[in-house]
Amino acid sequence: MSDDPLGGTVRRTVLPSGLRVLTEAIPAMRSVSFGIWVAVGSRDETGPQAGAAHFLEHLLFKGTHKRNALEISSAIEAVGGETNAFTTKEYTCYYARVLDEDLPLAIDVMCDLVADSVLEAVDVETERGVILEEIAMHDDEPGDEVHDLFARAVYGDHPLGRLISGTEETVTPMTRRQIQSFYRRRYTAPQIVIAAAGNLDHATVVKLVRQALRGTPLDTDPEGRPGTHRPATPAVRTRPATTLVEPKESEQAHVILGCPGIDRTDERRFALGVLNNVLGGGMSSRLFQEIREQRGLAYSVYSYASQYADSGLFAVYAGCAPGKVDEVLELTRAELARVAAEGITEAELARGKGMSKGSFVLGLEDTGSRMSRLAKGELLYGDLMPVDELLTRVDAVTLSGVNTLAAELLSRPMSLAVVGPFGEHDFSA
């Protein structure tokens with residue numbers, strides 16, 4: 001148990017099955033966010049299974065032994081609540097947000113759908129059509145497609161380089177039996193974290209969760225041990241720097257230039273956050289000022305860092321007119337090279353730290369973000385870093401630390417992903 005000076009009391013209980021329950025009591029709130037997080041994502045699939053985790057996320061809302069799909073959705077909506085789910089490369093989350101008085105209902109419904117879905121054959125076929133439409137819609141969004149293309153440029157055939165949704169070629173032949181097998185092998189109690197934040201009582205939440213899971217496949221192991229977070233080793237092997245171009249007739253070109261970064265447990269992640277803010281983390285960043293404000297070459301330009309258990313990415317995205325791509329890339333490469341060689345300034349360091357601390361604290365002002373913080377701390381790190389300690393870690397970032405990281409990271413060979421109206425075009429520097 002711990003007391004958060006910027007929130008409420010955090011408590012953790014491990015059930016006999018190995019399932020973990022974490023709560024943060026915030027009496028000043030009148031709502032509660034409740035989430036069930038499973039340590040399973042698209043990177044846990046084999047090639048022929050690609051898209052199984054996302055397919056399953058859709059199917060769990062289609063019905064259980066107690067409720068059909070309409071009863072699942074109407075139960076939460078009838079009390080003004082909301083429910084949804086999402087799949088990432090390393091985990092899947094199912095969540096609901098309700099008034100505090102309706103938390104027992106949310107717990108019962110969400111535990112029911114995650115633990116005891118029936119996966120009817122007719123629902124598999126219905127959702128297969130929905131997912132294929134989702135994949136087609138994604139292909140019509142070049143601003144989204146370019147991020148997947150960049151992941152493939154860096155990771156190749158590794159699961160981190162594949163689409164979370166799978167492809168038409170993998171989703172179309174996927175059978176109910178394959179999805180059922182994935183469900184029962186992967187959705188086990190030790191791999192699940194339940195998190196809730198808002199006006200709640202921890203003991204009551206634990207009691208309600210145990211009641212909701214009683215008699216389900218998640219309540220069958222009396223000697224379960226909680227799962228451990230993914231190890232950072234061995235590190236994922238990445239491809240040599242490459243350029244991938246997806247020709248598409250569009251009014252705008254979308255480009256991402258970047259390289260392998262650092263994993264999420266790397267002690268330099270706080271310095272990377274500051275560096276990212278300075279380079280392309282806001283309207284005052286170097287890239288935004290140079291490319292958009294001063295030259296008007298792009299509407300959207302930003303940098304970002306993605307971090308996984310054993311790998312990471314650092315990249316710059318820009319959306320611009322096709323005829324301006326070469327100039328945008330030239331300016332981006334020049335700025336990255338300048339920061340690698342010269343570093344950032346003391347004033348930029350202070351601004352980058354302020355952005356990191358401010359965005360983190362402001363992001364904790366709703367129950368959903370606090371619930372997510374609890375679950376991610378447990379699931380991804382095996383511990384919850386107190387807010388004050390996190391802010392202290394950001395404050396401890398030094399100019400030399402950022403500049404050393406910049407010199408190493410931004411000097412790496414860069415991969416490039418381009419989606420736009422290009423046939424034969426030389427994108428090399």
Side-chain angles (χ1 to χ4, degrees), residues 17 19 32-42 44-45 49-88 91-98 102-135 137 164-166 170-189 191-196 208-220:
S17 63
L19 186 147
V32 178
S33 290
F34 177 83
I36 302 178
W37 298 65
V38 190
V40 176
S42 61
D44 298 302
E45 304 158 346
Q49 289 178 327
H54 176 251
F55 206 146
L56 182 58
E57 174 218 311
H58 277 242
L59 286 172
L60 294 196
F61 285 89
K62 302 301 288 185
T64 70
H65 291 95
K66 291 169 57 177
R67 298 176 174 91
N68 60 34
L70 178 59
E71 290 169 335
I72 289 172
S73 60
S74 63
I76 301 298
E77 291 178 358
V79 296
E82 57 186 18
T83 183
N84 211 332
F86 58 87
T87 305
T88 73
Y91 56 84
T92 308
C93 172
Y94 304 82
Y95 66 91
R97 184 168 178 261
V98 294
D102 298 313
L103 178 58
L105 172 68
I107 291 175
D108 189 55
V109 171
M110 300 306 292
C111 287
D112 183 32
L113 72 89
V114 171
D116 204 26
S117 178
V118 293
L119 305 185
E120 294 283 3
V122 64
D123 294 326
V124 172
E125 295 311 312
T126 299
E127 288 307 304
R128 189 193 315 277
V130 171
I131 292 169
L132 290 175
E133 288 297 324
E134 185 178 347
I135 292 172
M137 183 174 66
I164 292 173
S165 62
T170 61
V171 171
T172 298
M174 199 172 295
T175 66
R176 176 187 180 276
R177 178 172 292 184
Q178 288 175 313
I179 300 170
Q180 176 81 15
S181 175
F182 187 88
Y183 179 32
R184 290 308 174 200
R185 283 189 298 106
R186 297 291 187 172
Y187 277 51
T188 60
Q191 298 302 311
I192 292 177
V193 170
I194 288 180
L208 291 170
V209 167
R210 298 194 70 169
Q211 289 176 348
L213 296 179
R214 189 169 295 138
T216 73
L218 294 184
D219 189 39
T220 57

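Values in this document were obtained by computation on a predicted structure and should not be read as measured data. Numbering starts at 1 and runs along the sequence shown.
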Rounded distance (nearest 0.5 Å) linking atom OG1 of Thr170 with atom CD of Gln49: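 One finds 10.5 Å between OG1 of Thr170 and CD of Gln49.
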Met110 side, atom CE; Thr83 side, atom OG1 - distance, nearest 0.5 Å: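 Interatomic distance, Met110 CE to Thr83 OG1, rounded to 0.5 Å: 3.5 Å.
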Step-by-step side-chain contact (heavy atoms from CB on, under 4.5 Å) determination, Ile164 to Phe86: CA-CA 10 Å; Ile164 292 173; Phe86 58 87; over 6 Å; no
Looking at [Y], is its backbone amide N or carbonyl O close enough to the side chain of [X] to form a donor-acceptor pair, meaning the two atoms are under 3.5 Å apart?
| X | Y | result |
| --- | --- | --- |
| Gln191 | Val40 | no |
| Asp219 | Thr216 | no |
| Ser181 | Arg177 | no |

Heavy-atom pair with the smallest gap, counting every atom of Met174 and Gly51: CE-C, 4.3 Å
Residues, nucleotides or ligands: over 12 heavy atoms within 6.0 Å of Arg184 CZ: yes
Heavy-atom check, side chain of Tyr187 versus side chain of Val114, under 4.5 Å: yes
Parallel, tilted or perpendicular: rings of Trp37 and Tyr91 (30°, 60°): tilted
Scan the side chains in residues 55-65 for donor-acceptor partners under 3.5 Å anywhere in the protein, sequence neighbours excluded, and list what turns up.
unit_1	atom_1	unit_2	atom_2	d
Glu57	OE1	Thr87	N	3.2
Glu57	OE1	Thr87	OG1	2.5
His58	ND1	Glu127	OE1	2.9
His58	NE2	His54	NE2	3.2
His58	NE2	Glu134	OE1	3.2
Lys62	NZ	Glu127	OE2	3.4
Thr64	OG1	Lys66	N	3.0
Thr64	OG1	Arg67	N	3.0
Thr64	OG1	Asp112	OD1	3.4
Thr64	OG1	Asp112	OD2	2.7
His65	ND1	Asp116	OD1	3.3
His65	ND1	Asp116	OD2	3.2

Step-by-step side-chain contact (heavy atoms from CB on, under 4.5 Å) determination, Cys111 to Ile194: CA-CA 9 Å; Cys111 287; Ile194 288 180; 4.2 Å; yes
Val124 and Ile179: CA distance, side-chain angles, deciding distance, side-chain contact (heavy atoms from CB on, under 4.5 Å) verdict: CA-CA 9 Å; Val124 172; Ile179 300 170; 4.3 Å; yes
Side-chain atoms of residues 68-79: list all donor-acceptor pairs with protein atoms under 3.5 Å, sequence neighbours left out, distances to 0.1 Å.
unit_1	atom_1	unit_2	atom_2	d
Asn68	OD1	Leu70	N	3.1
Asn68	OD1	Glu71	N	2.8
Glu71	OE1	Asn68	N	2.9
Ser73	OG	Ala69	O	3.4
Ser73	OG	Leu70	O	3.1
Ser74	OG	Leu70	O	2.7

